[in-house]
Number of protein chains: 2
Amino acid sequence: MAPGERRKREKEQRRKTILKAARKLFFKRGYNPVTVSDIAKKVELSKGAIYLYFSSKEEICAQVLLDDIEKFHGEVLPIFEGGAGASEIFAEFAHMYVDFFLKDRELFRMFMNFMLHANNLNLPDDTNKRIIRETNKAVSVTENIFQYGIDKGEFTLRKEDIRTMRNTFWGMLNGIISLHLFIGRESTREERIRSNVNKCLGIFIEGLKKTE
Amino acid sequence: MAPGERRKREKEQRRKTILKAARKLFFKRGYNPVTVSDIAKKVELSKGAIYLYFSSKEEICAQVLLDDIEKFHGEVLPIFEGGAGASEIFAEFAHMYVDFFLKDRELFRMFMNFMLHANNLNLPDDTNKRIIRETNKAVSVTENIFQYGIDKGEFTLRKEDIRTMRNTFWGMLNGIISLHLFIGRESTREERIRSNVNKCLGIFIEGLKKTE
DNA sequence: TCGGAAGATGACTCATGGTCATACTTTGAC
DNA sequence: GTCAAAGTATGACCATGAGTCATCTTCCGA
């Protein structure tokens with residue numbers, strides 16, 4: 001047996017347990033209201049022990065989000081494989097994206113906060129590398145859909161406009177969700193977001209098809 | 001002289017002084033790093049005195065943002081008066097919006113945070129009313145541009161789609177700015193945001209003209 | 001001149017992220 | 001089996017910062 005191999009596995013396991021507990025707490029009550037002691041209590045450890053596995057509360061949050069986003073990317077990649085048209089792939093992607101962010105009450109808020117402040121956070125190098133990796137994946141997934149549509153002749157988008165459209169698309173999705181968190185009644189939120197994204201998407205795709 | 005009239009004015013004046021100082025500090029260093037004592041020191045008051053004028057640090061922040069947004073709306077409204085086409089008004093609005101948010105380093109971050117969490121903040125009724133008032137103003141300004149374009153026959157947008165397009169438009173603007181805070185180098189940020197917004201806007205307006 | 005109201009103070013409380021001296025447990029070399 | 005080093009865990013403790021409150025000062029009208 002390699003030296004310390006089992007220990008490593010156990011450590012990794014404990015890390016995951018902590019993340020799982022933190023995830024539940026964060027998504028239920030939001031980032032700020034959850035204390036590190038809360039997380040520690042939930043996994044039956046002392047607060048100090050948490051800091052053996054993570055460098056800060058912010059890092060725990062970052063890891064939770066990255067795990068989720070990684071999972072999301074894993075689920076999204078297969079949508080290219082069915083041979084569907086780009087419009088359908090687009091729509092499917094948008095729906096998955098919205099579903100992803102609506103599945104837990106606080107997820108989007110945390111994600112947006114993370115996006116807004118990621119540059120100022122003092123995260124370990126590993127975590128920063130993960131951020132870059134997942135960001136690149138996100139970028140390439142969306143760009144691929146545009147490329148796919150161009151290749152299939154569905155969109156007449158110029159290659160140099162892909163990046164702009166990608167930003168517009170992401171901006172649109174994220175912006176609409178934030179907007180609906182701000183305006184309107186809580187009770188109809190999910191429904192409104194879904195329907196609004198659907199409509200925007202329709203217009204967006206029509207626009208893509210018509211642009212020459 | 002009405003009883004206490006001067007005192008009232010003085011109180012209002014001091015409120016404004018505090019807000020001005022807070023604004024400067026927040027925009028320079030961001031919300032979290034600035035302490036209430038910092039603000040107090042800057043206006044040569046004690047911390048306790050600050051709480052005679054505001055109920056919480058969050059309220060100070062909300063008031064600062066609302067003042068700025070109110071000013072923005074004041075500046076934006078005259079753009080309808082020149083008799084320009086809807087496309088131009090659109091572009092001008094978008095540029096003013098971007099300029100507004102890029103004029104101070106931290107403003108957009110604070111604004112976005114505010115949007116994301118406004119519902120959970122425990123603000124006094126007056127402040128909440130102001131939020132509603134300014135939100136409605138924002139909504140109606142953008143909607144008016146769409147309506148103006150329809151009336152002038154520039155866009156063939158259906159009336160029932162105005163709301164969707166308004167959301168798309170806002171989402172797009174806010175989303176693009178957030179996205180660029182997250183990705184890419186700090187040094188080229190403003191420039192990238194402006195150019196990207198320009199491109200998106202071009203495509204958006206073209207789309208509006210073509211939709212039938 | 002006096003009493004009450006408004007304005008102002010800063011020491012204090014309290015919550016919370018993060019640290020550290022200490023102690024317990026496991027491992028592997030001998 | 002023994003022991004030292006490495007790894008794991010603890011919780012009292014520290015620093016910080018938002019918000020409070022007993023107390024004091026200033027102002028104003030009667």
Side-chain angles (χ1 to χ4, degrees), chain A residues 1-19 21-22 25-26 28-64 110 113-114 117 120-124 127, chain B residues 1-19 21-22 25-26 28-64 110 113-114 117 120-124 127:
Chain A
M1 196 217 295
E5 193 53 47
R6 199 203 66 221
R7 277 207 159 168
K8 221 176 196 171
R9 276 204 317 276
E10 280 173 357
K11 182 149 190 166
E12 190 48 38
Q13 190 47 50
R14 180 138 287 178
R15 239 184 92 92
K16 279 185 189 155
T17 311
I18 296 170
L19 283 175
L25 289 171
F26 283 150
K28 191 165 158 200
R29 312 213 301 261
Y31 178 76
N32 277 319
V34 172
T35 71
V36 177
S37 301
D38 288 340
I39 300 171
K41 204 178 289 167
K42 187 145 188 175
V43 292
E44 291 172 292
L45 279 175
S46 66
K47 184 158 68 153
I50 300 292
Y51 286 89
L52 292 173
Y53 298 91
F54 301 94
S55 69
S56 66
K57 188 185 171 189
E58 274 165 353
E59 204 216 335
I60 299 178
C61 178
Q63 293 293 350
V64 164
M110 281 170 57
N113 255 312
F114 177 68
H117 299 107
N120 301 331
L121 300 179
N122 201 7
L123 300 170
T127 310
Chain B
M1 196 216 295
E5 193 51 47
R6 200 203 64 221
R7 276 206 162 168
K8 220 176 196 171
R9 276 204 316 276
E10 280 174 358
K11 182 150 190 165
E12 189 46 37
Q13 189 47 51
R14 180 139 287 178
R15 240 185 91 93
K16 278 185 189 155
T17 310
I18 296 170
L19 283 176
L25 290 171
F26 283 149
K28 191 165 157 196
R29 312 213 300 260
Y31 178 77
N32 277 320
V34 172
T35 72
V36 176
S37 301
D38 289 339
I39 300 172
K41 205 177 288 167
K42 186 145 188 177
V43 292
E44 292 173 291
L45 279 174
S46 66
K47 182 157 71 152
I50 301 291
Y51 286 89
L52 292 172
Y53 298 90
F54 301 94
S55 70
S56 67
K57 188 185 172 190
E58 274 166 352
E59 205 216 336
I60 300 178
C61 178
Q63 293 292 350
V64 164
M110 281 170 59
N113 253 313
F114 177 68
H117 298 106
N120 301 331
L121 300 178
N122 201 7
L123 301 170
T127 310

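Any value given below was found using the heavy atoms of this structure, including those in side chains, with hydrogens, waters and symmetry copies removed. Lettering follows sequence order; numbering is per chain, from 1.
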Out of curiosity, [X] [atom1] to [Y] [atom2], how far, rounded to the nearest 0.5 Å?
| X | Y | atom1 | atom2 | answer |
| --- | --- | --- | --- | --- |
| A:T17 | A:E12 | OG1 | CD | 9.5 Å |
| A:I60 | A:I39 | CD1 | CD1 | 4.5 Å |
| B:I50 | B:I18 | CD1 | CD1 | 4.0 Å |

Quiz prompt | Bend angle of the helix from C:dT1-D:dA30 to C:dC30-D:dG1, from helix axes over five pairs at each end, nearest 10° | solution =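 One end's axis against the other's: 10°.
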
Quiz item: In residues 43-59 of chain B, which residues come under 4.0 Å of DNA chain D by heavy atom?
Solution: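 By residue number: B:K47, B:Y51, B:S56, B:K57.
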
Quiz item: Nearest heavy-atom pair of A:G30 and A:P33: which atoms, and what distance?
Solution: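 It is O-CD, 3.4 Å.
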
What's the [atom1]-[atom2] distance between [X] and [N], to the nearest Å?
| X | N | atom1 | atom2 | value |
| --- | --- | --- | --- | --- |
| B:I18 | C:dA8 | CD1 | C1' | 11 Å |
| B:Y31 | D:dG17 | OH | P | 13 Å |
| B:E10 | C:dG7 | CD | P | 9 Å |
| B:F26 | D:dA18 | CZ | C1' | 12 Å |
| B:N32 | D:dT16 | CG | P | 16 Å |
| A:K11 | C:dT27 | NZ | C1' | 16 Å |
| A:I39 | C:dG17 | CD1 | C1' | 11 Å |
| A:L121 | C:dG17 | CG | C1' | 15 Å |

Exercise. Sequence neighbours left out, what passes side-chain contact (heavy atoms from CB on, under 4.5 Å) with A:E10? Give chain and number order.
Key: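 Here the qualifying residues are A:R6.
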
Quiz prompt | With sequence neighbours excluded, residues passing side-chain contact (heavy atoms from CB on, under 4.5 Å) with A:D38 | solution =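 Listed in chain order: A:L25, A:R29, A:V34, A:T35.
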
Any non-hydrogen side-chain atom of [X] less than 4.5 Å from a side-chain atom of [Y]?
| X | Y | answer |
| --- | --- | --- |
| B:F26 | B:C61 | yes |
| A:Q13 | A:R9 | no |
| A:N113 | A:Y31 | no |

Exercise. Just grab all the side-chain hydrogen bond (donor to acceptor under 3.5 Å, both in side chains) pairs involving residues 48-61 of chain B, residues at least two apart or on different chains.
Key: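 Only B:S55-B:E59, B:E59-B:Q63, B:E59-B:T127 qualify under side-chain hydrogen bond (donor to acceptor under 3.5 Å, both in side chains).
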
All N/O donor-acceptor pairs, side-chain side in residues 42-49 of chain A, below 3.5 Å, sequence neighbours left out:
| unit_1 | atom_1 | unit_2 | atom_2 | d |
| --- | --- | --- | --- | --- |
| A:S46 | OG | A:A49 | N | 3.4 |

Quiz prompt | Phosphate-side-chain proximity, A:R14 and D:dA9, N/O vs OP1/OP2 below 4.0 Å | solution =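 Affirmative; the distance criterion is met.
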
Between the protein and nucleotides 22-26 of chain D, which nitrogen or oxygen pairs are less than 3.5 angstrom apart?
none

